[in-house]
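To start, the structure under review is shown below, and the notes come after it.
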Amino acid sequence: GDITQKGYEKKQAKLLAPFVPQTQSKTHHTDFLSAYFPPSLGFFFYIHTEAVQAALARHKEEKMALPMPTKRRSAFVQPPAENCTPPDTSSASEDEGSLRRRQAAISAMLAQNLQSPEYWINRSVQSSSTSSSASSTLSHGDGKTHNHNQGQTSVLADVLAHTRIESSSIPPDVTSTVPQDRNSRVDLPPNITVRGMSRGQSRSSMMDTAGGVPAHSRVSTKIQQLLNTLKRPKRPPLSEFFLDDFEEIVEVPQPDPNTPRPEGRQMIPVKGEPLGVVSNWPPALQAALARWGATQAKSPALTALDITGKPLYTLTYGKLWSRSLKLAYTLLNKLGTKNEPVLKPGDRVALVYPNSDPGMFWVAFYGCLLAEVIPVPIEVPLSRKDAGSQQIGFLLGSCGVGLALTSEVCLKGLPKTQNGEIMQFKGWPRLKWVVTDTKYLTKPSKDWQPLLPTANTDTAYIEYKASKEGTVMGVAVSKISMLTHCQALTQACNYCEGETLVNVLDFKKDSGLWHGVLTSVMNRIHTISVPYSVMKACPLSWVQRVHVHKARVALVKCRDLHWAMMAHRDQKDTNLSSLRMLIVADGANPWSVSSCDAFLNVFQSHGLTPEMICPCASSPEAMTVAIRRPGAQGTPLPARAVLSMAGLSHGVIRVNTEDKNSALTVQDVGHVMPGALMCIVKPDGPPMLCKTDEIGEIVLNSRAGGTMYYGLPGVTKNTFEVIPVNSGGTPIGEVPFKRTGLLGFVGPGSLVFVVGKIEGLLSVSGRRHNADDLVATALAVEPVKTIYRGRIAVFSVTVFYDERVVIVAEQRPDANEEDSFQWMSRVLQAIDSIHQVGLYCLALVPANTLPKTPLGGIHVSETKQHFLEGSLHPCNILMCPHTCVTNLPKPRQKQPVGVGPASIMVGNLVAGKRIAQASGRDLGLIDDQEQSRKHQFLSEALQWRAQTDPDQVLYMLLNAKGVAVSTATCSQLHKRAEKITAALLERGGINTGDNVVLLYPPGIDLIASFYGCLYAGCIPVTVRPPHSQNLAATLPTVRMIIDVSKAACILTTQTLMKILRSKEAAGCVNVKTWPNIIDTDDLPRKRPSNIYKPPTAEMLAYLDFSVSTTGMLTGVKISHSAVNALCRSIKLQCELYSSRQIAICMDPYCGLGFVLWCMSSVYSGHQSILIPPMELETSLPLWLSTLSQYKIRDTFCSYSVMELCTKGLGTQTEALKARGVNLSCVRSCVIIAEERPRLALTQSFSKLFKDLGLSPRAVSTAFGARVNLAICLQGTAGPDPSTVYVDMKSLRHDRVRLVERGAPQSLPLMESGTILPGVRVIIVNPETRGPLGDSHLGEIWVNSPHNASGYYSIYGEESLQGDHFNTRLSFGDTETHWARTGYLGFVRRTELLDARGDRHDALFVVGSLDETLELRGLRYHPIDIETSVSRAHRSIAESAVFTWTNLLVVVVELSGSEQEALDLVPLVTNVVLKEHHLIVGVVVIVDPGVIPINSRGEKQRMHLRDSFLADQLDPIYVAYNM
């Protein structure tokens, strides 16, 4: 019976005596808490809107124009969504009604501050200079000192929508206060800078233009806005914390001294009133059904409604009993045979019934109970791809379910395969389906009686529950728990026999099942079940049912209150005075207060009274945790708690008095259930009892409640068998408690308050935020224009050692870009102000595209999965990593260079380190019988070969069909060269030493004209011909080289001559000023009077021009002696002599490729088969089939050729094998490159073509640089190239740390080939110019007879770069002259032996110094970041990175559909943050093929950068990360 409060407390004290620490008095406890809950609070109408409105108002002082993302128009056509907006049960839609006031307030506030766009632009210009000092940023928990400006992080402007100017006109420059003419275009400097400055200068002039960037384009203005936004200080003032440089640890914020800490004493377990023993309570639930079935057969048990909300049928207790009996009999006796029944008592059975058919479900549920099989109610699977369907499969598997009960109608609706069988759902076990319609059931035989035993601890049923990660587990409820829970509910809710109850909830689980199916049968209650489909069509239907049936109890959720209130239009047929209890099942949500208040407000005039509203709290494991008891008329209402959000985030209860904006109002959920004992324990770590003013997880000890996760004993222990400990760590008793997953505290008068769920907990930087609270704030920001039906999901993802908050919402089909962007900016501000937490990502997706739960809510874990997989397909996205990632390590401070030479040398020796140097074999000592040795000049070697062996074929050029279209013997080549010489001397009027440009497609003409120039005493300059389809991009480079080299004339073909003089060409360059053009197609047979012989070998042989990846055009001077030494070195390394054949498939315009194509054969006499790479575009297998056909042992190619073959032929190896392609003849396949070896590409090439006989040892790389065209080349001698793994973190600090394969953050590096004969390399510190030790990272310096003699410069500033070619060490061997390659690398002595029998020194190239990005004081190689980016999503075809001022820009080529474009933004940001500890500033998504790549297969990052800044990329999407 009922006991007075005084008696209750007395009893409670007696019961709790064993648990209570003896020292403290009880009065202290109540006083402490009542201080926190002043009774004066009474009715505190709290509306979240005011908070949001104030928060946004605060941002109006200082506006910051924020760059709006650029989107290509064709992208993202939204799917149409229905115009009508029926109610929805999404996690967040509950509260729209109570938001109306909120929105009105916000819009009024914004109307005041939005003046004309010009005003804002000027404001942002003025404030950008002062903003860094003016805006004080909010530190976590810093509230005491900075109360006046809490949260003034002026991150975003609401005005962007107004300041966006279409791309046709130029946006005003917000970087300078000087007024600027709108239409002034600023010409970009040419894309290519000429190498006329020292390396240091060129680097800075390219990079450090941040200060005075002309705002010549939409893009750079936006970047400038972004920079201005980022100039403001970060939020938390991070402490000076950094561990040893070697271990790059994340920044750990020091605990803030102002953090609120709990001050109360340890809480005392709270006991519910004893569970009264009533004489007529049944011994088991089945017994109750049997009793009512026999004695009250006509009494109604259940009324089901049709789709319009009218009663469809009523099931009486008699019918319910007889049908359940039939089903029990059928299940046990009619499936299978007598000796081999399909079902035995204790087996688990799935119940698959739609929401609209409660009758069938009741019969099935009670039928199973009577047959003593265990029902497992699940949702009806609608398709193979249902959200979470796979997880349901996991549940069925863990419960060992093999049989599913369903109705005939439902079975017909299930997806079928072609031959009519039920589809096998993804991840589900094989199921047998049984239809339970009455016509298929058998009447029990006379002698059969069901067992009706007294309730025991066997499992009665299993209720499914989804965890935060989306795993679905089965909570087993024993027969005694089920009965006890029904008794406790009966006592708490004061249920009486024969009452009427309206149930709007899902009857398969939770309160809908406990009240509406179980407790109702125990008390012979008449349940009216209102299905979700009816609620969708007619939200008021449940109110009308209460009115019509004079129901005493209604069971609803906040969303039902909200939708009924929205649909209410003063109807006559709504009288709620019959109710004594309106149970609000999710009364523990943060928005339940306002829903209950608003509903009461509307329906008070219809007989609803405040004491009828009974919020309750429950969880699948503990079942009902607490419920407000139905009050008598006029009893005082319980107080509300108005808590400080900041306090909550630290897990403590503080009443919020001063700042109403960051407060959370919660209502109590009544008292603990009868017969239960409740404690509050710390949510993480051991279950230690909380202090009285501390938020913790509610744990419950009760006979009612789940007993285990079925089939998962490991997880069960942590949840169902928790013994709380006190502050000393000793257990408070023997009895086990169950974790409820609810966070809360016990207030005055033992009232229970719930402030959130464990699964909605986001722990960011040591503070806890509740997902539901964030949803409520986002909903308060005027979502009507933007958000579809209030559908918002909040979750966190772990990136870079902390959780980051992500908000995903569905966008209305009619919302425009500006509104959406503005809404997103406001949500950022509101959440920043109210919760003091930064958002990492805010994404809007088209309406109806988020994965749904069975009742239409958002399936959060599945949404998170989509987000992380990149399959969410947002239509708008805003990322703010700069604001919320605050745990990056401190930028590195470079150490001053000031250590003396001697100490470094000693240091090296003491450490036992050898100096890092390596050399090839000695050129002089190698015996060389060849005649060509006598010839100092290549021109002489050709003449000698033409006399001694005129018919030896030196060159063979193949076309796409593999046919030799032209060949050249020694004499043919010599004669052709002579003709060209004669033409040059006659037509060109050329003087000795003049530069002559050779403009030819790859072929033999190019070779002949090269020797023609040597014969004439001219200096040849080979230039790649312009691409006839793309003159605008390719011709300016040709023009530039011609101008820079001061060419006296151009040798070319007729076709190219026409192109040079065409109209199209005139559109790109000035064609009137070309030097003399000579076409060499039909030359007269003339011989020159004499052939020029240079006076010394130091004279120039040719100029080698090349555009580097950083956009620098560099020409180097190659002397005759260098040519001779290089050809000799290659000959020795590759063992080339006249009986050999080699195949070359690469462009012959610069570097080692040109030497192999034009010079090597003439020097060594071997035959070269020439394959122009462009022929591969029409016939991919050309190169490989040539190798096979001619049984080639040595072949040379470029990365682009290898990539073409890997991508294009990878799947065709079988076909190639069938055509007889066999690569077992290939001994060495060398990739000619000027970069770090691309290990992934060479390995995949070797693996793919292993089937064609390619030896895994064959593929290797060469390495050359501008100062020396060939430093390494894997020849025939010497060991195979070795691979090492280095730590990427150390590389950024300019150190090499070798690690094991598979170590985290490891980078595989392959040796760049054996060092050529005559070449010496040493590793040098580029700053001190001192030698470094073995395995140390430094610049590679080279000394060799074939070094280039210098840069060819138009400025005559040779002195500036003299040191690149002629520099000395600052100590050690200071005599030798070295050339600086500009590449970082290291030398490592290996265990392998070289040809001389010494230990082999391997050279590893890491990357070009010019290309490296200096960010946060660390040195990054673009290729490493790009490798990570390309792995982030399957649709990323290629990527390139560059920096703009101090922002990292990532350009990504999208190979998938355009709707995937925005999926890439968070993934790219995540991966770069995780693997490189960098925050991406701008993500640009472009079409495939936009990133420019040169002939060597290298990315032209600077070209790309220039195009991006000049707004020429036509990107699909540009995201500016805040």
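This chain uses plain numbering: 1 for the first residue, then up along the sequence.
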Result of checking Q1500, M1502, R1501 against P1492 for side-chain contact (heavy atoms from CB on, under 4.5 Å):
Q1500
Ring centre gap for Y1011 and H974 strictly below 6.0 Å
no
Are F1105 and Y1149 near enough that their ring centres are under 6.0 Å apart?
no
Is any side-chain heavy atom of [Y] closer than 4.5 Å to one of [X]?
X     : Y     : answer
S1108 : E1498 : no
N1343 : W1341 : no
C1229 : T1195 : yes
H1346 : V1155 : no
H1377 : R1368 : yes
L1393 : D1398 : no
T1376 : L1369 : no
E1098 : S1121 : yes

Flag, side chain of [X] to backbone of [Y], donor-acceptor distance under 3.5 Å:
X     : Y     : value
S1370 : R1329 : yes
T1412 : L1409 : yes
E1203 : G1497 : no
T1381 : I1340 : yes

Working to the nearest 0.5 angstrom, can you tell me the gap between [X] [atom1] and [Y] [atom2]?
X     : Y     : atom1 : atom2 : value
F1154 : I1118 : CZ    : CD1   : 10.0 Å
I1171 : M1146 : CD1   : CE    : 12.0 Å
Y1199 : I1493 : OH    : CD1   : 14.0 Å
L1103 : N995  : CG    : CG    : 5.0 Å
I1169 : L1187 : CD1   : CG    : 8.5 Å
N1325 : E1339 : CG    : CD    : 9.5 Å

May I have the list of side-chain donor-acceptor pairs in residues 1384-1391 shorter than 3.5 Å, sequence neighbours left out?
| unit_1 | atom_1 | unit_2 | atom_2 | d |
| --- | --- | --- | --- | --- |
| R1389 | NE | D1401 | OD1 | 2.9 |
| R1389 | NH2 | D1401 | OD2 | 3.3 |
| T1390 | OG1 | L1392 | N | 3.3 |
| T1390 | OG1 | H1400 | O | 2.8 |
| E1391 | OE2 | R1399 | NH2 | 3.3 |

Closest approach of [X] and [Y], non-hydrogen atoms and distance?
X     : Y     : answer
P1002 : L957  : O-CD1, 4.1 Å
C1150 : S1106 : SG-CB, 4.0 Å
S1119 : A1097 : CB-O, 3.8 Å
Q952  : S1138 : NE2-O, 3.5 Å
Q936  : N1124 : O-ND2, 2.9 Å
S1282 : F1404 : O-CE2, 3.5 Å

Qualifying residues under side chain to side chain contact (heavy atoms under 4.5 Å, CB included), relative to V1023, sequence neighbours excluded:
V997, L999, V1021, V1038, I1041
Do V1123 and Y1163 pass the side chain to side chain contact (heavy atoms under 4.5 Å, CB included) test, and can you show the C-alpha distance, the side-chain angles, and the key distance before you say yes or no?
CA-CA 10 Å; V1123 168; Y1163 184 90; over 6 Å; no
Can you check side chain to side chain contact (heavy atoms under 4.5 Å, CB included) on E1235 and E1411, steps first, answer last?
CA-CA 11 Å; E1235 58 178 297; E1411 279 215 325; over 6 Å; no
How about T1206 and S1244: does a side-chain donor come under 3.5 Å of a side-chain acceptor?
no
Parallel, tilted or perpendicular: which one describes the rings of F1245 and W1183, with boundaries at 30° and 60°?
parallel
Please evaluate residues L1176 and C1205 with respect to the criterion side chain to side chain contact (heavy atoms under 4.5 Å, CB included), reporting the C-alpha separation (whole Å), side-chain torsions for both, the decisive distance (0.1 Å), and the verdict.
CA-CA 9 Å; L1176 261 65; C1205 293; 4.3 Å; yes
For N1268 and S1344, run side-chain hydrogen bond (donor to acceptor under 3.5 Å, both in side chains): C-alpha distance rounded to whole Å, both residues' side-chain angles, the deciding distance at 0.1 Å, then the answer.
CA-CA 8 Å; N1268 184 317; S1344 114; 3.2 Å; yes
Verdict with reasoning, R1238 to T1261, per side chain to side chain contact (heavy atoms under 4.5 Å, CB included):
CA-CA 9 Å; R1238 300 188 198 171; T1261 64; over 6 Å; no
